[in-house]
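Below you'll find the structure, written out as structure tokens, and then a few comments.
Computed over heavy atoms, backbone and side chain alike; hydrogens, waters and symmetry mates excluded. None of these values were measured; they are calculated from a predicted model.
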Amino acid sequence: AGPQPARGTPGARPPGGLWAGASVAAKMAAAPSTRTLPLRLHLHHLLLLAITLTVGWVAAADSPTRRFEYKYSFKGPHLVHSDGSIPFWMHTGNAIPSADQVRITPSLKSQKGSVWTKSKLAFENWEIEVTFRVTGRGRVGADGLAIWYTDGQGLDGPVFGASDSWNGLGIFFDSFDNDGKKNNPVILVVGNNGHQLYDHQNDGATQALGSCLRDFRNKPYAVRARVIYYRKTLTVMIHNGFTPNNDDYELCAKVENMVLPLEGFFGISAATGALADDHDVLSFLTFRLFEPGKPVEPDDTTIPQEEKEKYREQYENFQQALDKKKEDFQKDHPDMQGEQVDDLFESVNEQELRQIFEGQNRIHLEIKQLNRQLNMILDEQRRYVSLVSDELSKKGTNNVPQTGQLPQAELDNIMRYQQEVLKHVGELKNSVTNTLSQVAHPPGGATGGYEVAQHFNDIKEHLHVVKRDLGALVQRNVNIEKPKCPELPPFPSCLSSTHFFMFVAFQTVLFIGYIMYRSQQEAAAKKFF
């Protein structure tokens with residue numbers, strides 16, 4: 001047997017059977033702690049999970065059901081009709097609707113504007129999401145923007161472009177500090193029963209039901225406001241416009257036990273004063289909220305029966321007129337009975353290609369005409385230079401001018417100017433020739449428009465050089481009054497100033513027309529893509 005461990009050491013055994021009894025007791029004492037601890041942890045986790053699921057289930061069961069209401073909403077990119085009106089909305093004052101937004105007021109002094117729904121809504125619970133921008137050059141802006149829910153349309157008035165003494169709700173985005181307390185920009189929630197006047201001097205602080213300090217001017221992204229009216233509780237949440245995340249909202253104000261009119265109009269208004277900002281609304285989305293357990297009404301019940309009959313009658317009349325036109329067309333064109341109707345119309349790509357080719361053909365014809373005119377000018381200049389050269393050769397080396405003739409130095413100056421004019425006209429002709437060849441054979445199809453524009457710029461620069469040289473030549477000839485040019489045999493007259501300026505004017509009109517054509521083409525391309 002090996003050596004036994006000494007007493008008092010960790011491995012020592014007590015004498016007799018004492019060691020076995022102590023070991024068993026230790027195991028029995030340790031067993032409950034090692035088994036109960038994991039069991040308690042599991043029970044604790046299960047309890048937390050049950051509480052979380054219960055709370056989530058209660059919150060989900062209590063959350064309302066949303067339904068989008070298109071008649072009380074607007075959003076780009078096709079926001080307006082061809083006549084500039086907004087479907088189901090009306091705009092007043094200085095409001096300017098466009099394809100992708102509504103500018104309530106431009107950044108001009110003393111402007112007012114507003115947009116309002118044409119019909120009232122009768123929702124017990126609702127939610128709106130408004131996306132807007134307030135931008136200005138100054139450090140301080142004015143006056144601000146307001147979101148309304150009132151029983152009447154406040155088309156014009158002193159409260160951010162809308163009428164005072166309203167009956168309903170107003171949420172004001174006030175950007176100007178009227179009371180001098182340096183607490184602007186601020187967002188205010190103000191209610192009115194139709195008998196109170198808005199307190200402009202104190203920025204509505206005495207009438208506000210809730211407020212929060214938020215700077216909503218000149219943000220990198222659009223600012224969003226979410227207003228929820230559910231079970232007599234109004235909640236205003238703001239997206240500050242610092243992040244592109246559309247759901248990055250924070251609570252601004254919450255008003256409980258708030259009673260609003262059962263029926264009302266939605267509206268947005270804005271105003272400027274001595275300072276001015278651009279107030280642009282990008283979208284206004286309205287949702288109807290239904291409480292849990294209540295049936296969701298179908299959309300057809302919200303449309304009056306008379307309106308449905310009117311729309312149905314209009315559709316039937318339109319369908320009858322279309323069928324009649326088809327029959328008339330088939331009678332007038334019996335040889336096209338078997339062809340598809342869609343084959344008779346151009347697609348979007350075919351229409352764009354046709355417009356591009358027609359534009360290039362027109363540019364080609366105009367440049368050919370310009371080239372012919374430059375050839376005529378160049379020929380006249382050459383004839384004029386040759387005649388002057390012949391006259392100088394006849395005079396020989398005699399430097400004494402005769403009576404009524406120009407000195408030799410003046411004739412040399414004239415020759416030098418004519419040579420420069422001839423040189424510039426030649427360069428202009430070469431530039432037009434190159435442009436003509438590139439238009440006739442554009443590299444890469446429709447991508448040659450930029451190079452054509454560059455050549456037009458070169459032509460414009462050359463014309464300026466020719467105009468300057470001719471102006472100097474004319475001024476030089478005007479200053480010489482007493483000496484007269486020698487009588488020369490009859491020859492075609494050189495380019496007169498009148499013809500030249502007419503040519504320059506024609507070229508300028510041609511250049512402007514080309515630029516306008518290119519702008520229209522780019523606008524048409526943006527519209528489709």
Side-chain angles (χ1 to χ4, degrees), residues 68-121 128-136 141 143-150 152-163 173 222-225 264-273 276-286 303-304 307 310-311 313-315 317-318 321 348 351-352 355 515-529:
F68 178 68
E69 299 291 339
Y70 69 94
K71 286 190 176 182
Y72 308 100
S73 307
F74 63 81
K75 183 182 180 181
H78 306 292
L79 194 148
V80 297
H81 289 309
S82 58
D83 58 353
S85 62
I86 308 173
F88 307 108
W89 290 70
M90 60 180 299
H91 63 279
T92 62
N94 302 114
I96 306 173
S98 61
D100 54 353
Q101 66 181 19
V102 180
R103 175 154 291 180
I104 308 298
T105 56
S107 55
L108 300 174
K109 295 181 179 180
S110 303
Q111 300 288 300
K112 295 180 181 179
S114 63
V115 291
W116 293 86
T117 56
K118 292 183 179 179
S119 58
K120 284 187 175 182
L121 70 154
I128 60 174
E129 294 180 2
V130 185
T131 306
F132 63 93
R133 290 182 182 271
V134 179
T135 56
D143 281 334
L145 180 139
I147 301 175
W148 301 94
Y149 175 76
T150 58
Q153 296 173 333
L155 302 180
D156 188 16
V159 184
F160 299 98
S163 60
F173 296 81
V223 180
R224 298 173 180 267
F265 296 91
F266 280 130
I268 305 178
S269 66
T272 62
D277 285 335
D278 288 325
H279 298 87
D280 302 324
V281 179
L282 282 66
S283 64
F284 192 107
L285 306 180
T286 303
I303 303 177
E307 190 173 355
K310 183 181 68 174
Y311 291 152
E313 183 179 358
Q314 290 179 357
Y315 175 77
N317 294 336
F318 175 78
V348 176
Q351 184 179 8
E352 290 182 353
Q355 292 175 352
I515 295 300
M516 293 176 63
Y517 173 76
R518 291 296 301 173
S519 301
Q520 292 178 358
Q521 292 301 314
E522 292 176 358
K526 290 180 179 178
K527 180 178 180 181
F528 290 104
F529 296 100

With sequence neighbours left out, write down each residue that passes side chain to side chain donor-acceptor pair (under 3.5 Å) with [X], or none if nothing qualifies.
{"X": "S110", "result": "none"}
{"X": "T92", "result": "S114"}
{"X": "T105", "result": "H279"}

Hey, is the main chain of [Y] close enough, under 3.5 Å, to the side chain of [X] for a donor-acceptor pair?
{"X": "Q153", "Y": "T117", "result": "yes"}
{"X": "Q111", "Y": "K109", "result": "yes"}
{"X": "T286", "Y": "I128", "result": "no"}

Residues in ring pair (Phe, Tyr, Trp, His ring centres under 6.0 Å) with [X], at least two apart?
{"X": "F132", "value": "F173"}
{"X": "F88", "value": "Y70"}
{"X": "F284", "value": "W89, F266"}

Evaluate the side-chain proximity of [Y] to [X]: yes if any heavy-atom separation is below 4.5 Å, no if none is.
{"X": "L282", "Y": "R133", "answer": "yes"}
{"X": "T131", "Y": "V223", "answer": "no"}
{"X": "F68", "Y": "L285", "answer": "yes"}
{"X": "I96", "Y": "V102", "answer": "no"}

Hey, what do you get for [atom1] ([X]) to [atom2] ([Y]), rounding to the nearest 0.5 Å?
{"X": "N94", "Y": "L108", "atom1": "CG", "atom2": "CG", "value": "8.0 Å"}
{"X": "Q521", "Y": "M516", "atom1": "CD", "atom2": "CE", "value": "12.5 Å"}
{"X": "L155", "Y": "K112", "atom1": "CG", "atom2": "NZ", "value": "12.5 Å"}
{"X": "M90", "Y": "S119", "atom1": "CE", "atom2": "OG", "value": "12.0 Å"}
{"X": "K120", "Y": "Y72", "atom1": "NZ", "atom2": "OH", "value": "11.0 Å"}

Side chain to side chain contact (heavy atoms under 4.5 Å, CB included) evaluation trace for D277 with S107: CA-CA 4 Å; D277 285 335; S107 55; 5.7 Å; no
Minimum heavy-atom distance between W116 and A162, given as atom pair plus value: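 Closest heavy-atom pair between W116 and A162: CZ2-CB, 4.2 Å.
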D143 to F160 - nearest heavy-atom pair and separation: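 Looks like O-CE2, 3.8 Å.
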Could you work out, with side chain to side chain contact (heavy atoms under 4.5 Å, CB included) as the rule, every residue matching [X], not counting sequence neighbours?
{"X": "S163", "result": "none"}
{"X": "P87", "result": "H81"}
{"X": "S98", "result": "D100, Q101"}
{"X": "V80", "result": "I86, P97"}

Salt bridge (charged side-chain N to carboxylate O under 4.0 Å, His left out) partners of residues 73-99, not counting sequence neighbours, each pair once: none
Greater than 12 external heavy atoms within 6.0 Å of E313's CD: no
Side chain to side chain contact (heavy atoms under 4.5 Å, CB included) evaluation trace for S269 with W148: CA-CA 8 Å; S269 66; W148 301 94; 2.8 Å; yes
Salt bridge (charged side-chain N to carboxylate O under 4.0 Å, His left out) partners for R103, two or more places apart: D278, D280
